[in-house]
Undergrad: 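Let me begin by handing over the structure; questions about it come next.
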Amino acid sequence: MNLHNIPNIKHLDSGNFFILAGPCAIEGEEMAMRIAEKLVGITDNLKIPYVFKGSFKKANRSRIDSFSGIGDEKALKILEKVSKEFGVPTVTDIHTNEDAAMAAAYVDVLQIPAFLVRQTDLVVAAAKTGKTVNLKKGQFMSPESMKHAVQKVLDCQNDNVMVTDRGTMFGYQDMIVDFRGIPTMRNLATTVLDVTHSLQQPNQMAGVTGGRPDMIETIAKAGIAVGVDGIFIETHFDPANAKSDGANMLHLDYFEDLMKKLVAIRQTVNQF
């Protein structure tokens with residue numbers, strides 16, 4: 001895909017990777033604006049093309065009492081405000097066919113969750129909006145099999161499609177990143193590495209997903225080294241008290257230092 005088709009994306013001539021980053025879920029306007037302001041400042045300074053990420057709804061929770069959102073329209077309007085206030089594109093997940101048109105009225109990129117990427121009607125509904133579609137590779141799928149999901153978008157006369165590796169199941173309660181899949185998926189579409197979800201430890205007895213945030217820098221560096229087009233990172237100023245996925249999010253205070261390291265690696269890789 002041509003990243004220029006994403007509205008308001010900047011710094012595409014910098015030679016950098018692009019990044020989708022933000023909180024797991026939109027918990028409220030103040031937190032979203034606070035995180036967005038910080039991330040926009042860092043990415044503008046380092047000339048990294050940036051898309052603000054935030055889920056307007058969390059439909060795939062382990063427990064029925066887990067946080068699922070503040071209200072669909074309320075959260076989508078916050079995403080719209082982030083875009084207008086900071087002049088950046090936004091991405092959010094959708095879970096049902098009806099979500100596609102609703103979310104497309106507010107955001108620039110529609111993301112298909114990994115658990116749902118084989119749901120043809122959902123992928124087609126997203127593609128038919130004309131928005132860029134980010135297909136997250138199922139934890140249970142091979143990189144090669146993502147060609148079929150990509151083709152579903154292309155068959156809807158929508159060339160704006162990217163794929164995201166978010167790790168592969170390793171036993172029942174761990175994830176692993178097989179970096180051999182990155183060049184495979186890059187032959188199919190623009191490819192992103194979801195660093196933080198790749199470090200989840202799902203299916204815990206308590207019904208709350210664990211994680212290995214101490215490994216974020218390691219996985220992110222490796223992804224840039226093997227040539228991913230983009231990086232996906234969830235971040236929060238208070239991960240311990242975040243309402244979703246706090247166990248594997250990057251603390252906002254560490255974001256700038258990590259980006260500087262990744263930019264330096266990308267500059268080195270670009271020489272070869």
Side-chain angles (χ1 to χ4, degrees), residues 1-26 29-55 78-93 106-111 131-132 134 160 162 164-166 190-198 213 216-217 219-225 227-239 242 245 248-270:
M1 66 166 288
N2 186 344
L3 291 174
H4 286 89
N5 291 333
I6 300 177
N8 296 318
I9 195 163
K10 304 178 181 69
H11 310 303
L12 290 177
D13 59 349
S14 66
N16 270 325
F17 53 91
F18 68 97
I19 186 160
L20 294 80
C24 178
I26 299 298
E29 182 176 317
E30 189 278 332
M31 65 83 68
M33 300 300 282
R34 177 178 171 183
I35 293 171
E37 182 176 25
K38 181 79 170 179
L39 297 182
V40 169
I42 292 168
T43 53
D44 275 347
N45 184 53
L46 296 174
K47 300 191 183 317
I48 301 172
Y50 173 56
V51 181
F52 178 84
K53 184 270 167 184
S55 297
I78 290 172
L79 285 165
E80 182 180 50
K81 183 172 182 177
V82 166
S83 182
K84 289 180 177 178
E85 288 279 330
F86 297 105
V88 294
T90 54
V91 55
T92 199
D93 326 65
Y106 296 94
V107 304
D108 304 294
V109 181
L110 299 179
Q111 182 167 283
K131 297 286 184 175
T132 295
N134 182 22
N160 302 316
M162 65 178 80
T164 294
D165 193 332
R166 53 94 73 236
T190 299
T191 299
V192 177
L193 176 61
D194 180 345
V195 176
T196 46
H197 285 107
S198 294
I216 288 174
E217 183 172 319
I219 297 297
K221 285 178 175 178
I224 297 298
V228 294
D229 301 297
I231 290 286
F232 179 111
I233 291 180
E234 289 186 341
T235 183
H236 196 288
F237 50 79
D238 187 11
D245 278 2
N248 53 272
M249 276 199 277
L250 177 70
H251 197 292
L252 192 59
D253 288 349
Y254 303 145
F255 189 86
E256 183 171 17
D257 181 65
L258 177 59
M259 290 303 106
K260 287 179 178 178
K261 292 174 180 176
L262 298 186
V263 167
I265 295 171
R266 180 61 178 252
Q267 290 172 344
T268 301
V269 170
N270 286 345

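Here the structure is a predicted model, which means the values were calculated and not measured.
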Undergrad: Mind running side chain to side chain contact (heavy atoms under 4.5 Å, CB included) on M259 and N45 for me, showing each step along the way?
TA: CA-CA 11 Å; M259 290 303 106; N45 184 53; over 6 Å; no
Undergrad: In Å and rounded to the nearest 0.5 Å, what is the CD1 to CD distance from I224 to Q267?
TA: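 These two atoms lie 11.5 Å from each other.
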Undergrad: Rounded at 0.5 Å granularity, tell me how far CG in N2 sits from CG in L12.
TA: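 Spacing of CG (N2) from CG (L12) equals 8.0 Å.
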Undergrad: Return the minimal non-hydrogen interatomic distance between V51 and I9, and the atom names on each side.
TA: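 For V51 versus I9, the nearest heavy atoms are CG2-CD1, 4.1 Å.
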Undergrad: Between H251 and F237, is there a donor-acceptor pair closer than 3.5 Å when you use the side chain of the first and the backbone of the second?
TA: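 Yes.
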Undergrad: Indicate yes or no: at least one non-hydrogen side-chain atom of P49 is less than 4.5 angstrom from one of N16.
TA: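 In contact.
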Undergrad: Nearest 0.5 angstrom please: L262 CG to L258 CG, how far?
TA: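 Answer for the CG-CG pair, L262 versus L258, is 4.5 Å.
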Undergrad: Any chance NZ of K47 has more than 12 other-residue heavy atoms, nucleotides or ligands included, within less than 6.0 Å?
TA: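 Open.
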Undergrad: D165 vs T191, test: side chain to side chain contact (heavy atoms under 4.5 Å, CB included). Steps then yes/no.
TA: CA-CA 8 Å; D165 193 332; T191 299; 5.5 Å; no
Undergrad: Pairing donors with acceptors under 3.5 angstrom, does anything connect the side chains of S55 and D93?
TA: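 A donor-acceptor contact under 3.5 Å links the two side chains.
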Undergrad: Once you round to the nearest 0.5 Å, how far does CZ of R34 lie from NE2 of H236?
TA: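 The NE2 atom of H236 is 8.5 Å from CZ of R34, to the nearest 0.5 Å.
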Undergrad: Determine the minimum heavy-atom distance between P23 and F52, stating which atoms define it.
TA: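 Heavy atoms of P23 and F52 come nearest at CD-CZ, 3.6 Å.
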Undergrad: Report yes or no: does K10 contribute a side-chain atom to a donor-acceptor pair with the main-chain N or O of G87 at less than 3.5 Å?
TA: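 Yes: the side chain of K10 pairs with the backbone of G87.
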Undergrad: With heavy-atom distances below 4.5 Å as the criterion, would you say the side chains of Y106 and T92 are in contact?
TA: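 Of all side-chain heavy-atom pairs linking T92 with Y106, none is under 4.5 Å.
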Undergrad: Taking all non-hydrogen atoms of both residues, which atom of F17 and which atom of I231 are closest, and how far apart?
TA: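 Looks like CD1-CG1, 4.3 Å.
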Undergrad: Determine whether F232 and V192 satisfy the following criterion, side chain to side chain contact (heavy atoms under 4.5 Å, CB included), listing intermediate values before the conclusion.
TA: CA-CA 7 Å; F232 179 111; V192 177; 3.8 Å; yes
Undergrad: Measure the CG-CD1 distance between L20 and I233 for me, rounded to the nearest 0.5 Å.
TA: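 Going from the CG atom of L20 to the CD1 atom of I233 covers 10.5 Å.
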Undergrad: Looking at P89, is its backbone amide N or carbonyl O close enough to the side chain of N8 to form a donor-acceptor pair, meaning the two atoms are under 3.5 Å apart?
TA: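 No: the side chain of N8 does not pair with the backbone of P89.
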Undergrad: Checking side chain to side chain contact (heavy atoms under 4.5 Å, CB included) for the pair H11/Y50: CA distance, chi angles, key distance, verdict?
TA: CA-CA 8 Å; H11 310 303; Y50 173 56; over 6 Å; no
Undergrad: Would the distance check show the side chain of T132 and the main-chain N or O of I6 forming a donor-acceptor pair, the cut-off being under 3.5 Å?
TA: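 No, the answer is negative, given that no donor and acceptor are paired below the 3.5 Å cut-off.
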Undergrad: Look at the side chain of N160 and the backbone N and O of N5, then say whether any donor-acceptor pair between them is shorter than 3.5 Å.
TA: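 No, N160 side chain to N5 backbone: no donor-acceptor pair under 3.5 Å.
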Undergrad: Would you confirm whether T235, through its side chain, and L250, through its main-chain N or O, come within 3.5 Å as a donor-acceptor pair?
TA: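 Looks like yes, one N/O pair under 3.5 Å.
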Undergrad: Check this for me: E37, atom CD, are more than 12 non-hydrogen atoms of other residues, nucleotides or ligands nearer than 6.0 Å?
TA: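 It does not: E37 CD has 12 such atoms or fewer within range.
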Undergrad: Can D194 and T164 be counted as having a side-chain donor-acceptor contact under 3.5 angstrom?
TA: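 No.
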Undergrad: Closest heavy-atom contact between I42 and E256?
TA: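 Nearest pair, atom of I42 first, then E256: CD1-CB, 3.7 Å.
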Undergrad: Quick check: does any side chain N or O of D108 sit under 3.5 Å from a backbone N or O of T90, one acting as donor and the other as acceptor?
TA: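 Yes.
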Undergrad: Check for a donor-acceptor pair, side chain of K261 on one end and backbone N or O of K221 on the other, with a separation under 3.5 Å.
TA: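 Not at all, since once roles are kept as given, no pair shorter than 3.5 Å links the two residues.
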Undergrad: Looking only at atom types and distance, does a side-chain atom of N270 sit under 3.5 Å from a main-chain N or O of G15, one as donor and one as acceptor?
TA: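 Here the side-chain-to-backbone pair exists.
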Undergrad: I need the minimum non-hydrogen distance between A36 and V82, along with the two atoms involved.
TA: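 That closest heavy-atom pairing would be CB-CG1, 3.8 Å.
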Undergrad: For the atom pair CD1 (I19) and CZ (F255), what is the distance rounded to the nearest 0.5 Å?
TA: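 So the CD1 of I19 and the CZ of F255 are separated by 3.5 Å.
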Undergrad: Which pair of heavy atoms, one from M249 and one from C24, lies closest together, and at what distance?
TA: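 What the structure gives for the nearest pair is SD-N, 3.8 Å.
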Undergrad: For the side chain of S83 and the backbone of L79, is there at least one donor-acceptor N/O pair under 3.5 Å apart?
TA: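 No; zero donor-acceptor contacts below 3.5 Å.
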